[in-house]
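Small disclaimer: the values here were computed from a predicted structure and weren't measured. Numbered from 1 within each chain, the chains take letters A, B, ... in sequence-line order.
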Amino acid sequence: MKISLNWLRNYVGLPAEVSVEEIVNKLTFSGLEVEAVKDAGKGFERVFVGEILERAQHPNADRLSLCKISVGNALSPNTEVLEIVCGAQNIKAGDRIPVATLGAIIPNGLEIKAAKIRGVPSSGMLCSADELLLPKPASQKEDGIYQLPADAPIGMNFAKYLGLSDTLLEINITPNRGDCLSHIGVAREVAALFGLTLKYPEIRSVARWENNFGKNVQIDNQVDADCFAYFGAQIRGVKVGPSPSWLRESLEAVGVRSINNIVDITSFVMLEVGQPLHAFDAKKLAAGPNTISIRRGKNGEEFSTISHKKILLSEEDLVIGSGTQAAALAGVMGSDATEVDDSTSDIFLESAVFSAKKVRKTSRKNQLITDASYRFERGIDSERTLWAMQRAIDLILESAGGDFVGANGFAQKADAPAKIRLRIAEVQNVLGKAPEAAKISHILRSLGFRADIAAGEADVLEVGVPSWRNDCTKAIDLIEEIARVWGFENLQAKLPIGALNGDDSQRNYYFQIRRLRRHLTSLGFSEALNLGFTSKAELGRVLMEKELTDLVTIMNPLTVDFSVMKPTLISGLLANVAHNFSRQQKNIRLFEIRKTFHKRPETKKDQRLDTGIVEKLRLAMVVSGADVDQYWQGQEPNADFYSLKGVVDSFLEMLGKGGVEYVAEELPSFFHPGQSASLRVGKRALGTIGRLHPRVEKNWDFGQAVYVAEFELENILQKEISQPSYKAFGKFPIVERDFSATVKDVVQAAQIRTLVTKLTRPLFQDLRFFDVYKGSRIPEGHVSYAFRVHLGASDRTLTDQEVNEWQTKVMQAMEQEFGAKFAGM
Amino acid sequence: MIEQLKKIGLEAKPQIEQAKDQDQLAQIKAKYLGKKGALSEILKGLKDISAAERPRIGEVANQVRDELDRAFEFRQASIQNAEIEKQLKNERIDITLPGRLRHMGSVHPLSLTMDRLVDIFARLGFSYFTGPELETEFCNFEALNLPADHPARDMQDTLFVEPGVLARTQTSSMQIRAMLAQKPPLKIVFPGAVYRSDPFDASHSPMFHQMEGLYVNKNVTMEELKGTLEHFAQELFGKETKIRMRSSFFPFTEPSVEVDCSCAFCKGKGCKICKHTGWLEILGAGMVHPNVFKAVGYDPNEVSGFAFGLGIERIAMLLYDVDDIRLFYENDRRFLEQFV
């Protein structure tokens, strides 16, 4: 809401010593946040009306002149003559011109300093319209210095001379304060905050209104519940034309374009008191100038707005009708067919109160958010509806002439203004050490509330809410009013020492996630964070169409890029890889811990709490390129499946997750089937890991191998953090035996490990692979595993013979199970 | 015989002293002092010497042996030193070449910020609680005193999944879930992602993060809200930090306030970061509205409470001097790795 301080002064007499800054502060702290202050006089503080006493040639430059300038006694009590060098050609002795004196920072940002121009000192600048960011005066044809009339008072501040003295406040009015969407509304706040009196303009047409009431206007209200008040008036023979300057300037000051005197007056009264008005061209009303109806729209009824937008109405819409014609969308906008234009002579003027909900619905549905609809949605002071009508009639008769020939209307008996019982103790319950009863009633009264001590109850105030404050219905609303005027700076500060919350079970997960993050960062991974949504196109670069099931989509996305909630974190991380690759960052280690979203097939249990969507907390990782960017001992090897697997194993161990199996099953299509695995414990799936399918690497144009992994953290994080428990280590030496077995390459390392573990169970300590060979030295389709088995007992040193027996057992079992051949050992 | 012994001493000593290395020294030692060395050879003749003379010869022999041993040890030590010197010289490396470091990972600055905030409130006894990002209209709006068709819904542009289900616009929705699940007293912070239909620009993102705080108990006043937020601002920005409250409007709190803290960067003098006001807008807060308590089945005559909500990105941008919110979501290595 733009508020002109000059306009505001019509309703509240602000003492001269109250500064703009003070007004801004008080409004802001009490809830009317002033977001911007625009001072029309800014930049003109040291610019004055001056007179050229003498113009001489500059001694050292043909194109420059040296002027003697008087600015009267603007700078000192004694009239001073300034010597100023000027390059413009349109000046002569005797001209009155704007002079920027030393220290001025003029509107275009230029700072005026003492200077020598071609060897001659110059103590100021004669200004052009451009330099002052002003339009050139209409009377001036030539470019150059701004020319003033001969009667411009020498020495007067230039902004003051031009009348640029207004200050514009841009105020953020919160949705609860519809009453402040007008100059009188804000003036009322200012009056309360500064202890001043609010005065309304005088209405001159009251008597005529009463005389005319019931004549020449008929109103047929068919929507009792949705139209609370409606007043109509007919004025014949108006002269539509340009607005008088006071009206045009008032509107322009708050950024409203002047259209014609009639339309401008309806705007002015709305900006003055907050009541939207509408003027129809009475001759264009289909049923004649005297009759209008307030009715529902018909389904499919056509309507064309003042802005020539065609819309289709429904029974949900409220319409101001004339016969079969829809002349206006009630509270939103008039029709182009009934618009006031230059040829209009008779007008039908409307001032009404419509249902906030109905106006909101129609305005949203048709995307017609107007100054009127905005105000109706936020509540209208129904006690000012008739006043606004009469005020507009006054101004129209004054500015556009015409005869006020008839009026009619109704106002449903509004609910009696709310009466609220406010116990002083309630104020203390909310604010702690609160102001006393006397102070409380003073604050409430200053805001226009009635506040009386209840009969027989010294600690209870009976509070009457004024008609414009329909947001106040409860004691707590009054307490807020008291607090904001009292000032939150008066509030004490205490720490909350109450009892703890009972349930902090989620903190366990949170701690584990923090550990996980730190663990991964120490292994060289950086944490990424991506938006929760993506697009089908981006998902299509990773997943097959048939995998895009259970997708959660946004009904009203901002753009298609943000239209699907992510079912996997991989697509986001791959976009990050692409971003980095395209910026010469080819070695990438990223992880992300965020949610994925999946539609649940079953119906919802409880509309209030069940969204029908499963959110899964996941960890995803991506690796590509080398571990180290550059090293002087040669290139580090590039990441492969095993480097990522090593990281995965280490965090699983850190989180105490044992018994994990890697199987090449149930892999999403974006994985390379020969270099990827699913992880599971028993039947429970933990996640997947592996290289991207060459198809996906190509989709993204990566040009180097990329490895990814994604895990369901819910299946990995521990419900309760388990403490490690110490186990004593053996006192007796561990014996090692090496094996080198060649087997068919379908045999996996895990099978060998399982067999050896099972076979040597009582003595088994560890098994480590130290070489894996495929190549010309062994038959094709075979692989040779070299591994070391560690055996030991807790109660004795194993004898050579004993160990040899175990060794033979292992070899025999491997021959039997896998057809293993052993190299000489 | 004594002469012979002395002669050996004189002959051997210079050789020992000039031995070039361990090998040569060992040879010399064997030659004179070994089992078959010169000294032993001479002493073999001792059996032909009279018993009276033997002690004297023995004495001389010992003297010579001791002297040679000492010379030998001395020489050996100096050869060893020289060898170590030589080794050290050969093994010298350029200590200014870079170490063999893996590349450093980093925690995302928004996670760092969230952790810091959670920790500050943990010290005041606030639990940690999170919940769904896709929310019901009930939790996100209705129960928060924002009925359908209320103009306050225009304060946020909402993304819907289906009628009644939306991408939560505020972590305040978690107030409802927490209060429905638990009985007072409650003292909880809820960090998490929220969504708005805002296009990306330097200061807006369609998804961003908030942290909501809620305290509900018997007899909670606004004084405790002020104390809590003052404590928070001082923990985050330093002990001298001051806060101020401006009246505002949120449907789910009343009274509602916007809270500013004195600018930590210019100490309130006015700078670019605080737009020359000396104050930084950091959060919104207020006393829980009675209608919210009613929506979750709490009796507003029995309990009262406060709630506050702040933007994580806003705080992170202040803490880390980040001037464009989009940097948080590009995941450029050069950005992320500045938060090691």
Side-chain angles (χ1 to χ4, degrees), chain A residues 28-31 174-176 357 360 377-378 430-432 476 480 483-484 488 491-496 498-504 506-507 510 514 517 520-521 524-532 552 554-556 558 562 576 579-580 585 595 597 607-609 611 613 615 627-629 632, chain B residues 97 102-103 105-108 110-111 115 125 127-130 132-136 138 149 151-152 159-162 164-165 182 185-188 193 197 199 206-207 215 217 221-224 226-228 230-231 245-249 254-255 257 287 290 304 328-333 336-337:
Chain A
T28 297
F29 277 84
S30 65
T174 54
N176 59 327
K357 279 186 185 168
R360 181 176 164 86
E377 280 184 38
R378 282 157 179 77
V430 177
L431 300 180
I476 190 70
E480 178 167 64
R484 73 185 183 90
F488 291 102
L491 204 62
Q492 311 277 306
K494 273 187 199 160
L495 284 179
L500 293 177
N501 195 57
D503 179 8
D504 202 11
Q506 280 197 20
R507 198 179 291 272
Y510 173 61
R514 281 172 84 154
R517 283 206 299 251
L520 293 174
T521 57
F525 283 75
S526 288
E527 185 183 17
L529 232 157
N530 284 293
L531 299 185
V552 178
I554 301 288
M555 281 166 72
N556 56 336
L558 198 60
F562 304 146
N576 302 150
H579 170 97
N580 281 290
Q585 309 284 325
K595 284 178 169 180
F597 303 87
Q607 291 291 336
R608 294 191 321 159
L609 297 177
T611 59
I613 292 159
E615 300 186 9
D627 242 359
V628 176
D629 286 337
W632 48 273
Chain B
L97 276 169
R102 304 179 66 91
H103 90 225
S106 53
V107 174
H108 196 280
L110 294 177
S111 294
D115 290 350
S127 294
Y128 169 92
F129 198 59
T130 63
E133 291 179 15
L134 300 182
E135 232 342 328
T136 60
F138 175 79
D149 290 328
L159 295 167
F160 280 88
V161 168
E162 60 183 54
V165 180
Q182 301 177 40
L186 268 78
K187 209 176 191 184
I188 318 178
S197 185
M207 184 190 95
Y215 176 46
N217 203 348
T221 70
M222 209 165 176
E223 295 179 334
E224 285 153 288
K226 195 175 185 182
T228 300
E230 205 168 77
H231 171 85
M245 294 172 149
R246 291 178 280 117
S247 178
S248 189
F249 169 76
E254 192 167 25
V257 286
M287 302 302 290
S304 55
F328 291 126
Y329 295 103
E330 266 174 10
N331 299 307
D332 193 302
R333 235 189 94 173
L336 296 177
E337 289 180 2

Test item: A/Glu615 side-chain N/O and B/Leu134 main-chain N/O as donor-acceptor pair under 3.5 Å: yes
A/Glu527 and its side chain to side chain contact (heavy atoms under 4.5 Å, CB included) partner, picked from B/Asn331, B/Val107, B/Leu336: B/Val107
Exercise: identify the closest heavy-atom pair between B/Ser248 and A/Glu480: O-OE2, 3.6 Å
Distance, nearest 0.5 Å, that separates OG1 of B/Thr221 from CD of A/Gln492: 9.5 Å
Trace of the side-chain contact (heavy atoms from CB on, under 4.5 Å) decision for A/Ile476 with B/Met287: CA-CA 10 Å; A/Ile476 190 70; B/Met287 302 302 290; 5.5 Å; no
Contacting region of B/Glu230 [heavy-atom separation from chain A under 4.5 Å]: side chain
Option in A/Leu609, A/Asn576, A/Leu431, A/Leu520 with maximal non-hydrogen atom pairs under 4.5 Å from chain B: A/Leu609
Largest heavy-atom contact set with chain A, pairs under 4.5 Å, which of B/Glu254, B/Glu162, B/Lys187, B/His231: B/Glu254
Greatest number of heavy atom pairs closer than 4.5 Å to chain A - which of B/Thr228, B/Leu97, B/Val257: B/Leu97
Pairwise side-chain contact, B/Lys226 with A/Phe488, heavy-atom cut-off 4.5 Å (strictly under): no
Nearest-0.5 Å distance, CG of residue A/Asn530 to CD of residue B/Glu330: 11.0 Å
Chain A contact via B/Gln182 - which portion, at a heavy-atom distance below 4.5 Å: side chain
Residue among A/Glu377, A/Arg378, A/Gln585, A/Gln607 with most heavy-atom pairs under 4.5 Å to chain B: A/Gln585
Residue pair A/Thr521 / B/Ser106, side-chain donor-acceptor N/O under 3.5 Å: no
Per-residue contact mode, A/Asn176 against chain B (heavy atom under 4.5 angstrom): both
Where A/Phe562 and B/Pro206 come nearest, the two heavy atoms and their spacing: CE1-CG, 3.5 Å
Residue pair B/Pro255 / A/Ala483: nearest heavy atoms and the distance that separates them: CG-CB, 4.4 Å
Heavy-atom closest contact (B/Tyr128 atom, A/Asp504 atom, distance): N-OD1, 2.9 Å
Full working for side-chain contact (heavy atoms from CB on, under 4.5 Å) between A/Leu531 and B/Tyr329: CA-CA 7 Å; A/Leu531 299 185; B/Tyr329 295 103; 3.8 Å; yes
Partner chain B: residue of A/Asp503, A/Thr611, A/Ile613 with the largest heavy-atom pair count (under 4.5 Å): A/Thr611
Pairs of heavy atoms under 4.5 Å with chain A: top-ranked of B/Ala193, B/Ser197, B/Gly125: B/Ser197
Residue among A/Arg608, A/Arg517, A/Arg507, A/Arg484 with most heavy-atom pairs under 4.5 Å to chain B: A/Arg608
Which portion of B/Pro290 sits near chain A, non-hydrogen atoms under 4.5 angstrom: side chain
Option that, when pairs with chain A are counted at under 4.5 Å, heavy atom only, ranks first among B/Thr136, B/Asn217, B/Leu110: B/Thr136
Donor-acceptor contact below 3.5 Å, side chain B/Asp149 vs main chain A/Lys357: no
Atom group of A/Val430 that falls short of 4.5 Å from chain B, counting heavy atoms: both
Under 4.5 Å from a heavy atom of chain A, the part of B/Phe129 involved: both
Under 4.5 Å from a heavy atom of chain B, the part of A/Thr28 involved: both
Structural part of B/Ile188 lying under 4.5 Å from a heavy atom of chain A: side chain
Residue pair B/Glu224 / A/Pro496: nearest heavy atoms and the distance that separates them: OE2-CA, 3.8 Å
Residue selection (most heavy-atom pairs with chain A, distance under 4.5 Å) from B/Pro132, B/Ser247, B/Pro185, B/Gly227: B/Ser247
Where A/Ser526 and B/Glu337 come nearest, the two heavy atoms and their spacing: OG-CG, 3.8 Å
Separation of B/Glu223 CD from A/Leu495 CG (nearest 0.5 Å): 12.0 Å
